[in-house]
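The next block holds one structure in the form of structure tokens; read it before the comments.
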Amino acid sequence: MSACVPAPADSARTKHVHPPHSPPPGPRRFRIAGADVSASIAVFLIALPLSLGIALATGAPLQAGLVAAAVGGIVAGRIGGCPLQVSGPAAGLTVVTADLIQQYGWRTTCAITVLAGLAQLGLGCLRVARSALAVSPAIVHGMLAGIGVTIAVAQLHIVLGGTPQSAVPENLAALPAQLANLHPADVAVSVLTLTLLFLWPRLPGRVGRVLGKLPAALIAVAAATALAALTGLRLPKVDLPSWSSHALAALPDGPVLGLVAAVLTTTLVCSVQSLLGAVAVDKLVAARPGLTGRVRRSDLDRELLGQGAANVVSGSLGGLPIAGVAVRSSANVAAGAVSRNSTMLHGGYVVIAALLLVPALELIPLASLAALVMSVGLKMVSLNHIRTVTRHREVLVYAVTTGGVVFFGVLEGVALGIAVAVGVALHRLTRTRITHEETEGGHHIHVRGQLTFLAVPRLSRVLHQVPHGADAVVELDGSFMDHAAYETLQDWQKTHTAQGGSVDITGRRPGLRISEPVEVDDCRCRPWTAWRNHQCERPPTATAPPDAGSQDTTGVADLTGGAGGREGITTSSPTDLARGISAFQRNTAPHVRGELARLAREGQQPSQLFLTCADSRVVTSMITSSGPGDLFVVRNVGNFVPPPGEESGDDSVAAAIEYAVDVLKVRSITVCGHSGCGAMQALLGTEPGGAQTPLKRWLRHGLPSLARTPGGGDGAGGPRLAGRAAADTAERLCLANVVQQLEHLRAHESVSRALAAGGADGGLELHGMYFHVGEAQAYLLAEEAGEDGEAVFRRVLETDLTA
């Protein structure tokens, strides 16, 4: 009898959940998705001719390219941290490998590959992969462009039927003689290969879409091979010696410093190209719908370990150096791969082809492979990259790196590029222009460039030119300010303010505050603080402004000035709109997701209806420090409230008022006008008669406001702002319009009923508000009128708030 464990007293309900004789779960089966199988075939068809072509370009045994392709697929594919990146012999390593073979021979080059792999393993263990991405993109793109130019110039000699020289200057010098001594057979095969590479992806119609799924590289090489075989052309072809005579790695032989430099160069190029390729693959994966959740983001340190292990194995077996390959990786993602199985399968196919397809591979003309590799080299000189570095003013770094790689070598070119990049950075850091201009409104100091300790003497000299007690604006047009400059600016600001002056320190974009504002009531919130960080409590001596109307205790939810608004995106095109949405998803959504989920469950319960103009400069969440669920916002041209019974053809405003008051039970309604309102300016310029456009029909709701606005441009009469009269007739009309629309609002049945009901909590309240855009200042309509009986709008200040 088997022993039993006594069940707890309340187990009667659950004692039959697990059958007493259920069989143990069987072993998990290894399954390969069909998408991985099809993707692996597509990658294999691309990798096979490219591996042979790159081996030809380096001067290595052609089997070395197949060994590197197989090892890159199997070893790097299994161990690497980027599941969909395909590794193998890369065009970016061609120049480095060719130079090593010429200097040290093939077997020592294999040993250098092994040592470079060990160095990559060490770097992976030290977890420094991310630091490799700190290299300027201009240097990386310049290095690849220089390598591409070197490849193209060398392979051009093979395309023409000749033999390439060891360096670009020699190849260019020998090109005229090579052109005078063409080999028609090689040229014909090369032209056919290049033509198919260019035209195959561009086949039109349904047939083109079907045939376009076959790799252009495979079709081009296969067609050139068929042409050579059918016409009996006599030209050099692939020669794969027996695997029994394949050369393996030997102990390195050469000067120690030279070998160390060779290992460092190989490690640098392999690592940077692989890590940048992994980052690019992550972007491709993110762009594929439904794949983001299935494929994990790249682990760059693990990817470096995988590349190091692959280079150790490849070098030991007599293969070329290995790196992530952009062409094969993008083809793998585009073909629908969903796991690392596609990469590993493609490596297995290469092994099978190397063992069983040798007779077919030996029919391939070398000129066709040279044309294929030359096209790859030309594509490495990317016009898109050139435009990008030009836009970022790094074309000098790009050009110097490219020229250095072409004329001196990869390591030398990269070193030159780094030196120029550092020089450019220092030049930008020290080139700071500081100007001082006296205007009617005060003194304007403009700082162009980075503000560092080197510019502090000039900054201090210009700041002290501002007289005591004057109003000053300091505009910082740069992206960096170090501690010394910050202290200088802050000390002067405090001193100048204490002497009766005013200082406004801003950035290039309006409203971007550079200096830290003074803490008020122990609230440490900043205008740019993320939304969730505004959950700060003020002392009981101050409350939120009457127009904030926030029902929740979550406080400020200024999405435009918070995490989502920091990028300063203006959605003026579909691209900018998508970029703005992406910034929201990346920066703001994590902060508001919990609050929005609560609102989705409980429904909206806003505390106030906020009726304002559709003007893009009036950002309700910003000027009221409100967030999701706080405001029920209605916007229209001119912030009009059509009187009830008007045959406007549009009851949307009346419907929103009824819904807000009767259904949502809002406690206050605010009508907000603003300075520079286009609707008010249109009202002032409207002439009677003429065609009745939709805009004119809508503007008639502002005619009562226009009738109550005194004429003239001296600002006399009518509503006024605290401390001054309206600046002009347009501003006077804006103020009068707020007062008039409040009267229209009281005439609506739902509003009048709610106002009359009152109650213990005060019932419904109506507020008038005016927002001066240029001053970034809000004014509230005071309950008491001025001495002349006219409405007065008072500034909203922290000192005006009472408990």
Residue R297 excluded, over 12 heavy atoms near CZ under 6.0 Å | no
CZ/R302: more than 12 non-hydrogen atoms of other groups inside 6.0 Å | yes
For residues [X] and [Y], determine if any side-chain heavy atom of one lies less than 4.5 Å from a side-chain heavy atom of the other.
X: Y779; Y: R794; result: no
X: L631; Y: Q608; result: yes
X: F640; Y: V653; result: no
X: N341; Y: V37; result: no
X: V619; Y: I623; result: no
X: S626; Y: T620; result: no
X: S271; Y: L304; result: yes
X: S40; Y: T343; result: no

Got a second to check how far [X]'s [atom1] is from [Y]'s [atom2], nearest 0.5 Å?
X: L766; Y: T670; atom1: CG; atom2: OG1; value: 8.5 Å
X: Q85; Y: R328; atom1: CD; atom2: CZ; value: 11.0 Å
X: S339; Y: L84; atom1: OG; atom2: CG; value: 7.5 Å
X: M680; Y: N639; atom1: CE; atom2: CG; value: 6.0 Å
X: I386; Y: R391; atom1: CD1; atom2: CZ; value: 13.0 Å
X: S652; Y: Y659; atom1: OG; atom2: OH; value: 15.5 Å

Heavy-atom closest pair (G324 atom, A90 atom, distance to 0.1 Å) is O-CB, 4.4 Å
Heavy-atom nearest pair, S750 first then I657, reads OG-CG2, 4.0 Å
Pairing residues for S675 by the side-chain contact (heavy atoms from CB on, under 4.5 Å) criterion, not counting sequence neighbours = Y770, H772, V773
Who are the side-chain contact (heavy atoms from CB on, under 4.5 Å) partners of A754, not counting sequence neighbours?
-> V661, L764
Could you walk me through whether R601 and L599 pass side-chain contact (heavy atoms from CB on, under 4.5 Å), step by step?
-> CA-CA 5 Å; R601 292 191 305 268; L599 292 172; over 6 Å; no
Has [X] got a side-chain atom pairing as donor or acceptor with [Y]'s backbone, closer than 3.5 angstrom?
X: S329; Y: V86; answer: yes
X: S382; Y: N384; answer: yes
X: H385; Y: H141; answer: no

So, H446 and R448: side-chain donor and acceptor under 3.5 Å apart, yes or no?
-> yes
Walk me through it: do M769 and V738 pass the test side-chain contact (heavy atoms from CB on, under 4.5 Å)?
-> CA-CA 7 Å; M769 179 177 171; V738 173; over 6 Å; no
Mind checking side chain to side chain donor-acceptor pair (under 3.5 Å) for D299 and listing every partner two or more places apart, or none if nothing turns up?
-> none
side-chain contact (heavy atoms from CB on, under 4.5 Å) between V637 and W698, intermediate numbers included = CA-CA 8 Å; V637 175; W698 175 253; 3.9 Å; yes
Is it true that D301 and R127 have a side-chain N and a carboxylate O under 4.0 angstrom from each other?
-> yes
Step by step, work out the side-chain contact (heavy atoms from CB on, under 4.5 Å) result for Q490 and I505.
-> CA-CA 10 Å; Q490 290 298 302; I505 303 178; 4.3 Å; yes
